[in-house]
Structure formats: C-alpha cells, structure tokens
K.L.:
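I'd like to ask some things about the structure below.
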Amino acid sequence: MRYKLTFVAGLAIGYVIGTRAGRERYEQLRKSARELAQNPAVRNAAESAAQGGREFAGKAFTSVSDKVGDKMPDSVAERVRSLREKTQRGLGEEDDWGTSNT
C-alpha cells in the first residue's frame with residue numbers, strides 16, 4: 001500500500017509541475033528531443049548498439065541451439081530459421097523497429 005501511495009503522490013506532483021511548465025516548455029522539450037534524435041552521433045551510437053545486439057543475439061542463438069539441439073519443437077525451430085534468413089537477406093533494409101541494418 002505504501003508503494004501505491006508513493007506512486008500516486010509522485011504522479012500528482014509530476015502533473016502539477018507539468019501544468020505549471022505549460023505548453024511552451026513542453027514544445028521546447030519536444031524540439032530538443034527531436035534534435036537529439038536527429039544528431040548523427042546519437043544515430044551512429046544507436047546503430048552501433050543495435051548491431052552489437054544483433055551480433056550478440058546470433059551468438060546466443062548458436063549457443064542455445066547447440067545445447068538444445070533436437071529438443072526444440074519443429075514449429076519454433078522453423079520460425080527462428082525463417083527470421084534469421086529474413087534478416088540475412090535484408091541487410092541494409094529497415095527492420096521491424098524502423099532502423100536500418102547497416
């Protein structure tokens with residue numbers, strides 16, 4: 001109950017502070033966030049992190065596949081295989097998250 005009360009209090013405080021800041025401050029924050037997202041250094045860092053995640057996921061898949069072997073249901077194995085083929089064929093295209101694979 002204490003955590004619920006703390007959450008509600010935080011929500012109320014955030015609402016009050018937000019309404020005091022007003023629409024102008026909201027638009028200013030939104031513009032800053034958009035500029036940050038469009039920054040080439042930030043985009044490159046995000047792409048590098050995404051690529052590293054894809055590489056790690058591939059290594060993890062290989063490791064798990066070696067350990068699990070034939071114990072994986074055929075439907076799951078086929079789904080994973082089709083997703084891997086799709087991503088390997090589609091290098092340079094946008095993935096499901098709207099980011100490029102380059």
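Quick note: numbers below take in every heavy atom, side chains included, and nothing from hydrogens, waters or symmetry partners.
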K.L.:
Return the NZ to OG distance between K59 and S63, rounded to the nearest 0.5 Å.
P.N.:
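Rounded to the nearest 0.5 Å, the NZ-OG separation comes out at 11.5 Å.
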K.L.:
Considering residues at least two apart in sequence or located in another chain, which fulfil the salt bridge (Lys or Arg N to Asp or Glu O under 4.0 Å) criterion with E27?
P.N.:
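E27 satisfies salt bridge (Lys or Arg N to Asp or Glu O under 4.0 Å) with R23, R30 only.
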K.L.:
Hey, is the main chain of Q28 close enough, under 3.5 Å, to the side chain of S32 for a donor-acceptor pair?
P.N.:
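It does hold such a pair.
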K.L.:
Sequence neighbours left out, cut at 3.5 Å: what donor-acceptor pairs do the side chains of residues 34-41 make with other protein atoms?
P.N.:
unit_1: N39; atom_1: OD1; unit_2: A41; atom_2: N; d: 2.9

